[in-house]
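Residue numbers start from 1 in every chain, and the chains themselves are labelled A, B, ... in the order their sequence lines are given, proteins ahead of strands. The model shown is predicted, which means the values in this text are computed figures rather than measured ones.
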There are 2 protein chains.
Amino acid sequence: MAKTKRSFQRVTIKDVAEYAKVGVGTVSRVLNNSPHVDQHTRQRVLEAIKVLGYFPNPHARRLSTGSSQLITVITPEMKGDFYQILMSAIDEVLFKYGYSSLLYPLYNEKKYEALKRSSDILLSTDGLIVDAVNVDKVLSNIIKPQTPVVCIEQESDDYDSIMVDNYYGGIIAGDYFADFDMDIFVVTHRKSHELESTVFDERLEGFQESLEKKGRSIDKVYYVPLDWESTFEVARRIFYRFKRCAIFTTTDYLAVPIIEVARTMGLKVGEDVRVCGFDDLPIAQVLEITTVRQPIAEMGRLAAETLIKRISGKLKEKPKKYILKPELVIRST
Amino acid sequence: MAKTKRSFQRVTIKDVAEYAKVGVGTVSRVLNNSPHVDQHTRQRVLEAIKVLGYFPNPHARRLSTGSSQLITVITPEMKGDFYQILMSAIDEVLFKYGYSSLLYPLYNEKKYEALKRSSDILLSTDGLIVDAVNVDKVLSNIIKPQTPVVCIEQESDDYDSIMVDNYYGGIIAGDYFADFDMDIFVVTHRKSHELESTVFDERLEGFQESLEKKGRSIDKVYYVPLDWESTFEVARRIFYRFKRCAIFTTTDYLAVPIIEVARTMGLKVGEDVRVCGFDDLPIAQVLEITTVRQPIAEMGRLAAETLIKRISGKLKEKPKKYILKPELVIRST
DNA sequence: CTGAAAGCGCTTACAG
DNA sequence: CTGAAAGCGCTTACAG
């Protein structure tokens, strides 16, 4: 009876079996909703579970079945609407297939250390969805080989990847701006650490390229952190000098403070001041911001569906790149 | 040889043991950095692990040890700086004790369903930190009894709780406002679903109470969703009529757009327009917003430390309430 | 320092 | 429909 390893002995399937006077197999069957259980036995077992306050041990279950029904989602951060939309879409699909998601945002360097440190549950789930983090460089050493992975917003040699053609998105914005007879500015984000994505640069590049092809050019590019406070400053600086101009922001998030400053300063947004964002976040819809729509939810769904197929073995071909095209949504700004 | 249950047979500790010509116990020992292993044996095992590409199965390990070294953190959402600060503080402490965090934001109703559905790994970690979600009502049925839990921003009958005296925070803001010879407005958040916290209301209540005691009153309370776009609207509406007024926002987040609108409209913030927020988010520091400081990081650390103590059995008394006092930080607004 | 063996709590053919 | 038993992949006294 040297059972005192743990101070509090949990109630196990065996206790339930004894109490209900059945075998553990039967308890397991009612736990898993097997149809091959007599109604009365089932009731007895259910009763025992309730009385004893039994909760199955997921580790044992997982060890036994070999699958965790869990997907790890790794993102570079977790602020803003983008991730909420993405995660909701992913969760929706996963839920349908009986999976749950484990969210792991790498919002600081330590989180990455913590991830590396242990061959943790986080990396031992049935699959990974990795957003905007370089899998090949950053994660390949710590991910178990053969683990199904799908990347979003990031290319990969080894895994399926879902991407938006950000360069193309920049181009269509540039095409749109080329006709404006005013100064053209860009407000974009400068990345602050290695793990961050390059989407902003790609968007800017496409924008620039397109303008140049049409004989136009960007008058100035403003780099800001992904904060509104800094963007307010920049907006004031711009509008102080230019009462008439067109501004392309590489994400809607940065368009908002700019529009607000313009409006509050009495400038006519949509006429004197033109603003076009990127992403089509909910905020862009609410504020009627002209933008380049990125199908975030679609990316999430596609990633999840693809991952599930890989896990179930339905998809056996070599890694594929899914490139989704953004589209220009002209609204009131 | 009916081993073909899984298409891809993982390499296990047994394979490593055979390859290195040792027992599995020895492999386990080097895995766990036991000092009682001969240098040469250790090398052989390490070599085998590398060659075979072995990754230990965390489920087996956990089943065996009975502990997961994992803490689940449940929050009502994940947007904004608040959670980043809180999570960083929690992670810091957990990391020190060899734990990792699993983040589970209940950002929509489905997430809650998903959590309930399965006696999931998420609820079978070594402990839970629950922020601003009613544990007693919402989670008690699905949490295993005896699971250590610490609540943040939410009272509980059964568990330790870390709270900020939001009512008191409202009071000190009210005391500060009472001397202003101008109209007083409040911009606050109306909660949209059951799981949300009541902190905003408590802050408002304290504010109101304090003003009344000093013979003043709130001229109008504006309820907004936690979005800046709506707050911009409200700010414009206010400043259109009142060029001189004092505004208390129940979170800094809502103070930002108000200040921006005021500034852009040419009003003197800090003189004609007074704004005081709540929380002391980074944004409040950057913009020099007068605010009621909530010690977010301290709450996170305290929660994590308390939980660890509960888990290790060092804390055996009955649940305790830790109430942290907020303080007024007068800055330039 | 090391191996053989029991045990962690489940699931799942297998045989009734 | 049901029970006994093997097996999932680890850890950890126990006995050398």
In whole angstroms, how far is the [atom2] atom of [N] from the [atom1] atom of [X]?
X	N	atom1	atom2	answer
A:Ile13	C:dC8	CD1	P	14 Å
B:Asn57	C:dC8	CG	P	18 Å
B:Arg61	D:dC8	CZ	P	19 Å
B:Glu18	C:dA4	CD	C1'	14 Å
B:Arg44	C:dC1	CZ	P	15 Å
A:Tyr54	C:dG9	OH	C1'	7 Å
A:Lys14	C:dG7	NZ	P	9 Å
A:Arg62	D:dC10	CZ	P	17 Å

Not counting sequence neighbours, which residues clear side chain to side chain contact (heavy atoms under 4.5 Å, CB included) with B:Tyr19? List them please.
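Applying side chain to side chain contact (heavy atoms under 4.5 Å, CB included) to B:Tyr19 gives B:Ala48, B:Val51, B:Leu52.
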Using side chain to side chain contact (heavy atoms under 4.5 Å, CB included) as the criterion, list what pairs up with B:Gln43, not counting sequence neighbours.
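Testing B:Gln43 for side chain to side chain contact (heavy atoms under 4.5 Å, CB included), a comparison that skips the adjacent residues, returns B:Gln39, B:Leu46.
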Please set out all donor-acceptor pairs under 3.5 angstrom arising from side-chain atoms of residues 307-319 of chain B, sequence neighbours excluded.
from: B:Arg310; atom 1: NE; to: B:Asp160; atom 2: OD2; distance (Å): 2.6
from: B:Arg310; atom 1: NH1; to: B:Leu315; atom 2: O; distance (Å): 3.2
from: B:Arg310; atom 1: NH1; to: B:Glu317; atom 2: O; distance (Å): 2.6
from: B:Arg310; atom 1: NH2; to: B:Asp160; atom 2: OD1; distance (Å): 2.9
from: B:Arg310; atom 1: NH2; to: B:Asp160; atom 2: OD2; distance (Å): 3.3
from: B:Arg310; atom 1: NH2; to: B:Glu317; atom 2: O; distance (Å): 3.0
from: B:Ser312; atom 1: OG; to: B:Ile308; atom 2: O; distance (Å): 3.2
from: B:Ser312; atom 1: OG; to: B:Lys309; atom 2: O; distance (Å): 3.2

Would the distance check show the side chain of B:Ser156 and the main-chain N or O of B:Tyr159 forming a donor-acceptor pair, the cut-off being under 3.5 Å?
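Checked: pair present.
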Is the backbone of A:Asp157 close enough, under 3.5 Å, to the side chain of A:Asp136 for a donor and an acceptor to pair up by distance?
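Yes, because the side chain of A:Asp136 sits within donor-acceptor range (under 3.5 Å) of the backbone of A:Asp157.
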B:Ser64 side chain near C:dG7 phosphate (N/O to OP1/OP2, under 4.0 Å):
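Checking C:dG7 against B:Ser64, no side-chain N or O comes under 4.0 Å of OP1 or OP2.
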Say we look at D:dT12 and D:dG16: how far apart would their C1' atoms be, to the nearest angstrom?
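About 16 Å, rounded to a whole number of Å.
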Quick one: on DNA chain D, does A:Val24 or A:Asp38 contact a more 5' nucleotide (nearest heavy atom)?
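Comparing both residues, the 5'-ward one is A:Asp38.
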Which pairs of donor and acceptor atoms, one on a side chain in residues 83-95 of chain B, lie under 3.5 Å apart (sequence neighbours left out)?
from: B:Ser88; atom 1: OG; to: A:Asn108; atom 2: ND2; distance (Å): 3.4
from: B:Ser88; atom 1: OG; to: B:Gln84; atom 2: O; distance (Å): 2.8
from: B:Asp91; atom 1: OD1; to: B:Ser101; atom 2: OG; distance (Å): 2.6
from: B:Asp91; atom 1: OD2; to: A:Tyr107; atom 2: OH; distance (Å): 2.6
from: B:Asp91; atom 1: OD2; to: A:Lys111; atom 2: NZ; distance (Å): 3.0

Holding to salt bridge (Lys or Arg N to Asp or Glu O under 4.0 Å), I want the full list of residues that pass it with B:Glu47, two or more places apart in sequence or in another chain.
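Not a single residue meets the salt bridge (Lys or Arg N to Asp or Glu O under 4.0 Å) criterion with B:Glu47.
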Sequence-distant partners of B:Lys321, salt bridge (Lys or Arg N to Asp or Glu O under 4.0 Å), two or more places apart
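Once residues adjacent in sequence are excluded, the partners of B:Lys321 under the salt bridge (Lys or Arg N to Asp or Glu O under 4.0 Å) criterion are B:Glu155.
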Identify the stems formed by DNA chain C, where each pair is Watson-Crick or G-U wobble with both distances under 3.5 angstrom and a stem is at least 3 consecutive pairs.
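Stem list for DNA chain C: C:1-3 with D:14-16, C:5-12 with D:5-12, C:14-16 with D:1-3.
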Heavy-atom contacts under 4.0 Å between residues 26-36 of chain B and DNA chain C, which residues?
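Going residue by residue through residues 26-36 of chain B, the ones with a heavy atom under 4.0 Å of DNA chain C turn out to be B:Thr26, B:Arg29, B:Pro35, B:His36.
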Tell me the salt bridge (charged side-chain N to carboxylate O under 4.0 Å, His left out) pairs involving residues 26-44 of chain B, sequence neighbours left out?
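Listed by first then second residue: nothing to list.
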